[in-house]
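To start, the structure itself, in structure tokens.
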Amino acid sequence: MRYSGKLPNSPALVGAVALLAWLVFVAIRLIRLGEGDIGYFVLAGTDFTDSSAGLPLLEGAGYDGQFFHRLAVDPFDPDERVAGTVLDSTWRATRIGFPLVAWIISMSGISTAWSLVVVNLLAVGSLGYLGGHIARSANRHAGWGLLLPLYFGFTFSIARDLGEVVATAALVGGVLLATRRRYFLAGLCLSLAVLSRETVIAAVVLIGLTDCVTIIRGRRKWGSPDLVWLMPIIVAGLWQVIIVVRWDRGVFDIGAETGSLRAPGTALLDQLPEVFSRAYISADVLNAVHAIEVLVLLAITVVAMVSLFRVEHLSVVRSAFFGLVLMMLTTDVPVGIWTDRNDLRMFAGVYAIAVIILLQTKVRLHLLAVSVTVCTFAAALSFIAGA
């Protein structure tokens with residue numbers, strides 16, 4: 001039944017609300033912990049960054065935001081030290097999408113540190129707009145689209161200048177454009193998604209495999225729909241060649257020291273008992289929040305998976321979802337991808353496509369909305385308190 005309530009049914013308003021909500025989070029964190037210095041979000045460490053960067057420095061390794069900052073200063077400079085920062089691995093250059101957009105934004109005259117935050121805020125606002133559009137197209141109120149930008153994993157990404165928000169916004173934009181038959185623009189968006197977070201390639205590859213099977217079976221010929229998956233693969237491949245040539249990077253240097261692929265479901269089955277153990281949950285309130293987040297993410301994924309078999313969805317949505325779920329089940333990191341409170345951000349794509357699927361069903365989403373909101377609010381509080 002079509003929505004007929006009094007609240008404005010506007011995707012633009014949903015985008016503005018999402019932008020404002022995350023802007024409040026950024027502002028409070030900036031004042032509370034950064035003392036007004038936006039460079040704090042970079043979390044630069046003395047192991048890789050020196051004082052010439054003009055950033056607040058922490059003793060030790062710092063975090064990944066310092067490498068995005070270095071790339072955003074000059075995305076194409078292969079020198080060992082740029083903007084006071086040395087990359088811990090040239091593998092970092094594969095995630096050029098987010099810093100490239102920040103570099104473009106910085107041409108307006110704002111500092112690189114500010115541009116990284118601005119890009120993430122624009123991306124999360126875009127997710128709100130896209131979510132509102134998807135919800136309204138499914139005869140729900142546009143406000144349900146807030147589920148897209150409310151992912152709890154985004155708190156970590158926005159608080160530390162990381163690329164998952166841009167990757168997810170580009171992924172959702174690409175999938176939505178593909179369903180509207182805007183194939184070239186869809187390919188551009190998915191290219192940005194892959195260059196911002198390499199795991200998105202799983203969605204692109206499965207979309208491509210599905211299309212190839214359709215072509216082989218004679219259901220259609222090669223054509224513009226194949227730009228959706230061909231463009232991202234070509235763009236990512238060309239960028240890899242550039243990195244190998246200009247950055248003196250080995251062809252087989254894929255950053256394996258930071259992650260690995262395992263048999264599907266192995267990491268999940270190995271690590272879930274620890275996540276839900278009494279010892280883990282009682283050790284820290286943030287561990288308890290993390291356990292709830294894992295439960296919510298898995299519940300959303302399962303419900304979306306079941307819904308795929310009940311409601312007719314376009315091929316690109318199904319393929320993207322199955323590809324990302326497969327990546328979620330095979331990816332691991334040395335500290336344990338399910339036990340590390342930081343790494344649920346890696347599954348933002350799975351969450352986003354699952355939400356798209358659920359918005360297009362008749363499933364009541366009230367419990368989901370409450371659960372996600374509580375988890376996101378708790379995660380945001382932890383970063384405001386000092387995480």
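Here, residue 1 is the first one in the sequence, and each next residue gets the next number.
- In this structure, Arg220 pairs ionically with Asp226, as a charged nitrogen and a carboxylate oxygen lie closer than 4.0 Å.
- Applying the 6.0 Å contact sphere to OH of Tyr129 captures no more than 12 heavy atoms from other residues, nucleotides or ligands.
- The side-chain heavy atoms of Thr210 and Trp229, taken from C-beta on, include no pair separated by under 4.5 Å.
- Within the structure, side chain to side chain donor-acceptor pair (under 3.5 Å) contacts touching residues 280-294 (residues at least two apart or in different chains) are Asn287-Arg341.
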Gln66 and Thr85: CA distance, side-chain angles, deciding distance, side chain to side chain donor-acceptor pair (under 3.5 Å) verdict: CA-CA 7 Å; Gln66 64 192 317; Thr85 300; 5.2 Å; no
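- In Phe184, the CZ atom is not crowded: 12 or fewer heavy atoms of neighbouring residues, nucleotides or ligands sit closer than 6.0 Å.
- The two residues Val235 and Ser191 have their closest heavy-atom pair at CG2-OG, 3.8 Å.
- By the 6.0 Å contact criterion, CZ on Phe322 is enclosed, its count of non-hydrogen atoms from other residues, nucleotides or ligands being greater than 12.
- A salt bridge links Arg345 with Asp343: at least one charged nitrogen is closer than 4.0 Å to a carboxylate oxygen.
- A donor-acceptor contact shorter than 3.5 Å links the side chain of Arg140 to the backbone of Leu359.
- Remark: the backbone N or O of Phe68 is not paired with any side-chain donor or acceptor of Arg92 at under 3.5 angstrom.
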N/O donor-acceptor pairs under 3.5 Å from side chains in residues 176-183, not counting sequence neighbours:
{"residue": "Thr179", "atom": "OG1", "partner": "Leu176", "partner atom": "O", "Å": "2.6"}
{"residue": "Arg180", "atom": "NH2", "partner": "His133", "partner atom": "NE2", "Å": "3.4"}

